[in-house]
Amino acid sequence: MATTTQVRRWWAHRRCQRGIPITLLGRHGVLVAPGTEQLWRAFEQTLLATGYGLASNIGSHRNCPAGIGGKTCEPSGKNCSLHNYDLAADVDPWAFGNPHFRRRFGNGWDFSDIKFTEEQVRAVEAIRTTQGSQPFRWLGWAIGDTMHWQINVPPSDVEVDWGTVPDADPPEPEKGDEVLKRGDRGHAVTWMQQRLLNWNPDSLPRFGADGDFGAETETAVVRFQQAHDLDPTGVIGSITATLLHDYAPTTVPADVLRVGDTVRLEPGG
Ligand SMILES: [Zn+2]
């Protein structure tokens, strides 16, 4: 298993570069480093074959200079997350109570806490390149960052050995570009509402960030889209979601934190 430091060295030329957008597990616009597309296809196929289904949200890119834990991603690679290289994907970060955001790193979580099953994690870890390397590393085992998968091979070793990838039907091609829409509820909705409020504190006057995507939230999304020259659909698609990211008050939703908590992000990757 390569260390994150080794991966940073292999891919140093991709530090702070924007990757190319792919559709992964039904989510449009996931940014990945050029050359890794086939690896992510194998990743997707493996999860679909083992019943994971489509994702409601995938985080990939992180803008420099923000590195690990709010530190600066330095030219040497120090304090850089592999998200600064578009070599990592956080799959369904708000699914269930992600232990990463509950700061239960490596202790006290189990598979009943998260959306991945152990079988699914093991199946992704069993993927091999044609050179026999394991191309994906999961940070759930070491630090409880159970949403985080990172590339674990150099640019010269990205050919998939498809014999190690279980067969699956391709994802339904037209799922639309919906991340969140009216009627949705939960952490992801709260997360988006907090960004709407950070954009315009008056945008949700009655209900605030209540985790319920109702009429008030829909109206706020329309206004946000109009203010950003997007189609005013009231549905949060990948582009609206990406622009909302710019209004992050913090990268952790408030409802999983308590007063006195110390926020520590991306400790390993
Ligand atoms: Zn991550």
Side-chain angles (χ1 to χ4, degrees), residues 1-15 19 24-25 30-47 49-50 52 58-62 67-69 71 73-74 76-93 98-100 103-111 113-166 264-269:
M1 187 77 68
T3 63
T4 299
T5 303
Q6 180 64 63
V7 178
R8 289 189 197 102
R9 278 195 205 115
W10 283 333
W11 294 87
H13 59 291
R14 297 303 310 172
R15 193 188 69 88
L24 188 64
L25 292 166
V30 176
L31 294 168
V32 302
T36 65
E37 301 96 311
Q38 285 306 308
L39 291 174
W40 291 109
R41 286 276 79 79
F43 176 86
E44 173 182 66
Q45 185 171 318
T46 300
L47 286 177
T50 51
Y52 188 83
I58 295 180
S60 53
H61 180 79
R62 181 178 301 172
I68 295 170
K71 295 180 191 150
C73 169
E74 297 180 12
S76 66
K78 190 181 174 193
N79 300 324
C80 299
S81 160
L82 291 187
H83 291 290
N84 293 120
Y85 301 69
D86 291 352
L87 288 170
D90 293 332
V91 179
D92 284 324
N98 191 305
H100 181 54
R103 301 170 51 249
R104 292 160 64 187
F105 303 123
N107 54 8
W109 71 271
D110 63 44
F111 280 94
D113 291 325
I114 67 173
K115 188 173 165 186
F116 289 117
T117 65
E118 182 164 359
E119 182 206 2
Q120 286 158 356
V121 170
R122 301 281 185 200
V124 174
E125 291 176 326
I127 299 171
R128 290 292 177 270
T129 68
T130 53
Q131 296 179 42
S133 306
Q134 178 184 326
F136 290 102
R137 183 181 177 197
W138 192 55
L139 292 191
W141 298 124
I143 56 171
D145 189 356
T146 58
M147 62 186 173
H148 180 102
W149 288 94
Q150 65 185 39
I151 297 288
N152 187 56
V153 286
S156 58
D157 187 10
V158 292
E159 290 274 324
V160 175
D161 174 357
W162 287 98
T164 64
V165 180
R264 181 166 171 253
L265 288 170
E266 299 295 337

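Keep in mind it's a predicted model, so treat the numbers as computed, not measured. Numbering of residues begins at 1 and proceeds along the displayed sequence.
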For this session: Let me see the working for Phe136 and Thr46 under side-chain contact (heavy atoms from CB on, under 4.5 Å), right down to the final yes or no.
Result: CA-CA 12 Å; Phe136 290 102; Thr46 300; over 6 Å; no
Problem set entry | Between CG on residue Leu47 and CZ on residue Phe116, distance to nearest 0.5 Å | 5.5 Å
For this session: With rounding to the nearest 0.5 Å, note down the distance linking OG1 in Thr146 to CG in Leu139.
Result: 10.0 Å
Problem set entry | Qualifying residues under side chain to side chain donor-acceptor pair (under 3.5 Å), relative to Gln45, sequence neighbours excluded | none
Problem set entry | For Thr36, side chain to side chain donor-acceptor pair (under 3.5 Å) partners two or more places apart | Trp40
Exercise. Who pairs with Asn84 by side chain to side chain contact (heavy atoms under 4.5 Å, CB included), at least two apart in sequence or on another chain?
Worked result: Arg62, Cys64, Cys73, Cys80, Ser81
Exercise. Out of curiosity, Ile58 CD1 to Asp90 CG, how far, rounded to the nearest 0.5 Å?
Worked result: 9.5 Å
Exercise. Minimum heavy-atom separation for Ala33 to Trp11, with atom names?
Worked result: CB-CZ3, 4.2 Å
For this session: Write down the atom of Leu82, the atom of Ile151, and the distance for their closest heavy-atom approach.
Result: CD1-O, 4.1 Å
Exercise. Sub-3.5 Å donor-acceptor pair from the side chain of Glu125 to the main-chain atoms of Ala123, do we have one?
Worked result: no
Distance-only donor-acceptor pairs under 3.5 Å for side chains of residues 158-166, two or more places apart:
residue	atom	partner	partner atom	Å
Asp161	OD1	Gly163	N	2.9
Thr164	OG1	Arg128	N	2.9
Thr164	OG1	Asp161	O	2.6

Problem set entry | Plane angle bin for Trp138 and Trp141 - parallel if under 30°, tilted between 30 and 60°, otherwise perpendicular | perpendicular
Seminar exercise, completed: Those residues at least two apart in sequence (or on a different chain) that pass salt bridge (Lys or Arg N to Asp or Glu O under 4.0 Å) with Arg41 are Glu44
Exercise. Just by modelled atom types, is the Ser60 backbone N or O under 3.5 Å from a matching donor or acceptor in the His83 side chain?
Worked result: yes
Seminar exercise, completed: Sequence neighbours excluded, the answer for side chain to side chain contact (heavy atoms under 4.5 Å, CB included) partners of Lys78 is Glu74, Ser76
Problem set entry | Residue pair Val124 / Phe43: nearest heavy atoms and the distance that separates them | CG1-CD1, 3.6 Å
For this session: Please examine the side chains of Tyr52 and Asp92, heavy atoms only from C-beta on, and report whether any two atoms are closer than 4.5 Å.
Result: yes
Exercise. Which atoms form the tightest heavy-atom contact between Val91 and Trp149, and what is the distance?
Worked result: CG2-CD1, 4.2 Å
Exercise. Got Gln6 and Pro154 here, is their nearest side-chain heavy-atom distance under 4.5 Å?
Worked result: no
Problem set entry | Sequence-distant partners of Glu118, salt bridge (Lys or Arg N to Asp or Glu O under 4.0 Å), two or more places apart | Arg122
Exercise. Can you check whether Gly77's main-chain N or O pairs, donor with acceptor, with Arg8's side chain at less than 3.5 Å?
Worked result: yes
Problem set entry | Min side-chain heavy-atom separation Gln150-Leu87 under 4.5 Å | no
For this session: Search all heavy atoms of Ala12 against all heavy atoms of Tyr85 and return the closest pair with its distance.
Result: CA-CE2, 4.2 Å
Problem set entry | Distance-minimising heavy-atom pair for Thr129 and Pro135 | CG2-CB, 3.9 Å
Exercise. With a 4.5 Å limit on heavy-atom distance, are the side chains of Val153 and Leu39 in contact?
Worked result: yes
For this session: Side-chain contact test, heavy atoms from C-beta onward, threshold under 4.5 Å: evaluate it for Pro155 versus His13 and give yes or no.
Result: yes
Problem set entry | Asp157 and Trp10, any side-chain heavy atoms less than 4.5 Å apart | no
Problem set entry | Thr50: partners by side chain to side chain donor-acceptor pair (under 3.5 Å), with sequence neighbours left out | none
For this session: Would you please name every residue forming a side chain to side chain donor-acceptor pair (under 3.5 Å) with Thr3, sequence neighbours left out?
Result: none
